[in-house]
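Per chain, numbering begins at 1; letters A, B, ... match sequence-line order.
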Protein chains: 2
Amino acid sequence: MSVAATADPEVAGSLHARILSDISEKIMSGAWAPGHRVPFEHELTEQYNCSRMTVNKALSQLAKAGLIERRRRSGSFVRRPRSQAAVLEIHDIRVEVEALGLAYRYERVARHRRRSNGADLSLLELGQAGPVLTLECRHFAGERPFAHEQRLINLAAVPEAAGEEFLDIAPGPWLIGRVPWSEAEHRIRAVAADSRTAQALDIELGAPCLVVERRTWGAERPVTHVRFTYAAESHTLVARFRPSQG
Amino acid sequence: MSVAATADPEVAGSLHARILSDISEKIMSGAWAPGHRVPFEHELTEQYNCSRMTVNKALSQLAKAGLIERRRRSGSFVRRPRSQAAVLEIHDIRVEVEALGLAYRYERVARHRRRSNGADLSLLELGQAGPVLTLECRHFAGERPFAHEQRLINLAAVPEAAGEEFLDIAPGPWLIGRVPWSEAEHRIRAVAADSRTAQALDIELGAPCLVVERRTWGAERPVTHVRFTYAAESHTLVARFRPSQG
DNA sequence: TGCCTTAATATGTATATACATAATAATTGC
DNA sequence: GCAATTATTATGTATATACATATTAAGGCA
């Protein structure tokens with residue numbers, strides 16, 4: 001979550017929010033360099049004329065956000081940032097397309113229900129074989145293909161998917177409606193379009209493409225593996241780093 | 001920050017941490033779907049046999065982490081996840097190369113100090129012209145070029161860079177030592193290698209490459225713009241989504 | 001001067017209490 | 001039955017107090 005104070009009517013002006021904001025501003029502006037000792041809690045209670053618990057609340061939040069580190073008896077110190085962690089927002093493809101001011105269209109290319117094989121087990125990180133659904137889809141921006149989707153759904157985790165044709169709804173939003181709080185790992189790389197991809201995206205064989213592979217876990221088991229392929233010129237991912245994130 | 005309880009000796013077993021962990025587990029497992037009302041604070045005080053402030057502390061953290069939303073008089077409700085926000089960790093290239101079990105080597109290709117032009121103003125989002133430093137570098141993994149770096153440093157923000165040759169130290173780690181808490185925006189896409197890139201990375205003209213462009217801000221002004229280009233087969237970015245992040 | 005013991009201190013966690021406030025529910029009057 | 005008013009209630013924020021505990025500083029002694 002963001003620690004930076006915003007014009008949020010809910011917390012604007014509350015004392016602990018002011019303390020939190022003042023201190024994070026000093027850190028992020030460089031006024032307090034890594035290693036600098038933040039004033040002791042009792043010093044801050046005098047400075048802000050408040051209780052120790054109010055100061056403690058603000059400092060605890062800064063610690064959780066990763067800006068400071070707290071050491072008993074020693075005090076609180078500005079941290080050196082860990083590896084920069086940029087937040088990459090993953091949107092439903094429809095949202096991405098419509099943000100470009102284009103009309104979105106979805107097309108199911110193929111759908112097969114079968115038993116998982118060795119490659120599937122590897123993609124989904126499954127321990128044992130079971131029923132899976134494979135889907136191949138295209139997402140259009142205006143008249144142009146925008147993304148090629150190749151997906152594997154673990155039917156043990158989402159049995160309902162067996163009864164869904166995915167003719168009119170893309171699997172991504174359908175799944176997020178059923179497994180809303182899931183974990184995911186994304187792998188992002190560049191590839192040269194193979195013949196299948198070239199045909200699906202209407203680009204030249206060997207053209208550069210951006211590939212985002214995502215594996216998703218629901219309640220302790222894998223739900224889906226999906227590979228999105230975008231033509232190089234049609235997609236840029238944006239990730240932002242704000243140092244207040246954990 | 002992560003809300004999920006870990007085997008952290010610092011907080012393991014503390015009551016508010018247990019409450020936080022229990023509730024986030026129910027949400028992430030799907031036991032409590034979006035829209036579900038979390039028990040009222042007074043109900044949780046009875047359930048955990050503790051004070052309202054302890055419960056409030058845990059619920060406030062869950063709210064800040066984005067898992068629940070709090071409404072006065074109404075209660076707390078499980079939220080539908082916003083767009084999934086995957087955390088993309090950006091490491092120093094040396095760390096990436098060494099994680100591959102390869103030897104890292106850095107080479108400065110070119111360095112120029114000059115006044116910013118129109119393209120620079122655009123890249124750095126500067127309002128007015130000033131002195132800049134341009135750098136072209138290569139990063140090697142073993143004997144192979146791993147990344148091609150083209151950088152622009154705003155000397156108004158980091159005047160010290162004017163006195164640094166960057167012969168033995170890459171600009172990235174040098175800058176993070178001086179502007180530790182900065183904000184950044186990354187743009188990730190696929191491109192076909194142009195002649196400069198092909199030569200720098202020792203790949204074929206037109207080969208697919210992964211490009212990560214990063215613009216960094218220090219204290220309210222831009223610090224640097226950098227474009228890293230990686231050969232397609234040498235680099236995969238990994239981003240992880242854990243729903244406890246804001 | 002160095003080591004051991006004791007005292008002091010800053011943070012960690014929790015509870016009790018208080019008041020504020022937004023929102024919901026109940027009551028009253030027409 | 002509906003609107004206005006009042007009461008109730010759940011969260012928001014803060015303070016006071018207490019005890020726990022890890023770490024640092026001070027003192028004594030050999």
Side-chain angles (χ1 to χ4, degrees), chain A residues 1-3 5-23 27 32 35-79 246, chain B residues 1-3 5-23 27 32 35-79 246:
Chain A
M1 97 303 276
S2 177
V3 176
T6 59
D8 183 339
E10 190 89 354
V11 301
S14 83
L15 189 42
H16 95 272
R18 268 181 42 223
I19 298 171
L20 189 132
S21 168
D22 287 352
I23 296 176
I27 294 170
W32 287 353
H36 176 89
R37 186 179 64 72
V38 173
F40 294 130
E41 283 185 356
H42 74 83
E43 289 168 330
L44 292 167
T45 64
E46 289 165 22
Q47 182 183 331
Y48 286 94
N49 195 29
C50 66
S51 88
R52 196 197 138 214
M53 290 304 95
T54 302
V55 164
N56 180 274
K57 183 176 177 180
L59 295 181
S60 294
Q61 278 186 308
L62 287 165
K64 225 169 172 66
L67 274 73
I68 65 174
E69 112 179 75
R70 306 261 277 162
R71 299 192 217 130
R72 293 187 200 211
R73 179 62 180 91
S74 302
S76 307
F77 300 85
V78 177
R79 297 189 72 159
Chain B
M1 94 303 274
S2 175
V3 176
T6 59
D8 183 340
E10 188 90 352
V11 301
S14 84
L15 188 43
H16 94 271
R18 267 183 42 223
I19 298 171
L20 190 131
S21 168
D22 287 352
I23 295 175
I27 295 171
W32 287 354
H36 175 91
R37 187 180 64 73
V38 173
F40 293 131
E41 283 184 357
H42 73 84
E43 288 167 330
L44 291 168
T45 65
E46 288 166 22
Q47 183 183 331
Y48 287 93
N49 195 28
C50 68
S51 86
R52 197 196 137 215
M53 291 305 96
T54 303
V55 164
N56 180 274
K57 182 176 178 180
L59 294 180
S60 294
Q61 278 186 310
L62 287 164
K64 226 170 174 61
L67 273 74
I68 65 174
E69 112 177 76
R70 307 261 277 160
R71 301 193 215 129
R72 294 190 201 210
R73 179 64 179 94
S74 300
S76 307
F77 300 85
V78 178
R79 296 187 75 158

Scan nucleotides 21-25 of chain C against the protein and return all N/O pairs shorter than 3.5 Å with their distances rounded to 0.1 Å.
{"from": "C:dT21", "atom 1": "O4'", "to": "B:R72", "atom 2": "NH1", "distance (Å)": "2.9"}
{"from": "C:dT21", "atom 1": "O2", "to": "B:R72", "atom 2": "NH1", "distance (Å)": "3.3"}
{"from": "C:dA23", "atom 1": "O4'", "to": "B:R72", "atom 2": "O", "distance (Å)": "3.4"}
{"from": "C:dA23", "atom 1": "O3'", "to": "B:S74", "atom 2": "OG", "distance (Å)": "3.3"}
{"from": "C:dA23", "atom 1": "N3", "to": "B:R73", "atom 2": "NE", "distance (Å)": "3.4"}
{"from": "C:dT24", "atom 1": "OP1", "to": "B:S74", "atom 2": "OG", "distance (Å)": "3.3"}

Check: A:R18 and A:T54 side chains under 4.5 Å, non-hydrogen atoms
no
Does some side-chain heavy atom of A:I23 sit less than 4.5 Å from a side-chain heavy atom of A:L44?
yes
Using 0.5 Å steps for rounding, measure from the CZ atom of A:R70 to the CG atom of A:L62.
9.0 Å
Rounding to 0.5 Å, atoms CG (A:L59) and CD1 (A:I68) come to a distance of 5.0 Å
Under a 4.0 Å heavy-atom cut-off, which of residues 39-47 of chain A touch DNA chain C?
A:F40, A:E41, A:H42
How close do B:I19 and B:A58 get, heavy atom to heavy atom, and via which atoms?
CG2-CB, 3.8 Å
Just by modelled atom types, is the A:A17 backbone N or O under 3.5 Å from a matching donor or acceptor in the A:S21 side chain?
no
Mind running side-chain contact (heavy atoms from CB on, under 4.5 Å) on B:M53 and A:M53 for me, showing each step along the way?
CA-CA 11 Å; B:M53 291 305 96; A:M53 290 304 95; over 6 Å; no
Criterion side-chain contact (heavy atoms from CB on, under 4.5 Å) on A:H16 and A:Q61, from CA distance to verdict:
CA-CA 10 Å; A:H16 95 272; A:Q61 278 186 308; 3.6 Å; yes
Nearest-Å distance, [atom1] ([X]) to [atom2] ([N])?
{"X": "B:F77", "N": "D:dA10", "atom1": "CZ", "atom2": "C1'", "result": "10 Å"}
{"X": "A:L62", "N": "C:dT11", "atom1": "CG", "atom2": "P", "result": "13 Å"}
{"X": "A:I68", "N": "C:dA10", "atom1": "CD1", "atom2": "C1'", "result": "13 Å"}
{"X": "A:L59", "N": "C:dT11", "atom1": "CG", "atom2": "C1'", "result": "10 Å"}

Does D:dA10 have its OP1 or OP2 closer than 4.0 Å to a side-chain nitrogen or oxygen of B:R70?
no
For A:R71, what residues pass the side-chain hydrogen bond (donor to acceptor under 3.5 Å, both in side chains) criterion, not counting sequence neighbours?
none
Which pairs, with at least one residue in residues 43-59 of chain A and sequence neighbours excluded, count as a salt bridge (charged side-chain N to carboxylate O under 4.0 Å, His left out)?
A:R37-A:E43, A:E41-A:R52
Under 3.5 Å, N/O pairs linking protein and nucleotides 14-18 of chain D:
{"from": "D:dA14", "atom 1": "OP1", "to": "A:L15", "atom 2": "N", "distance (Å)": "2.4"}
{"from": "D:dA14", "atom 1": "OP2", "to": "A:H16", "atom 2": "N", "distance (Å)": "3.4"}
{"from": "D:dA14", "atom 1": "OP2", "to": "A:H16", "atom 2": "ND1", "distance (Å)": "3.1"}
{"from": "D:dT15", "atom 1": "OP2", "to": "A:S51", "atom 2": "N", "distance (Å)": "3.1"}
{"from": "D:dT15", "atom 1": "OP2", "to": "A:S51", "atom 2": "OG", "distance (Å)": "3.4"}
{"from": "D:dT15", "atom 1": "OP2", "to": "A:T54", "atom 2": "OG1", "distance (Å)": "2.4"}

Taking only residues at least two apart or on different chains, which pairs with a member in residues 41-71 of chain B satisfy ring-ring contact (aromatic ring centres under 6.0 Å, His included)?
B:F40-B:H42
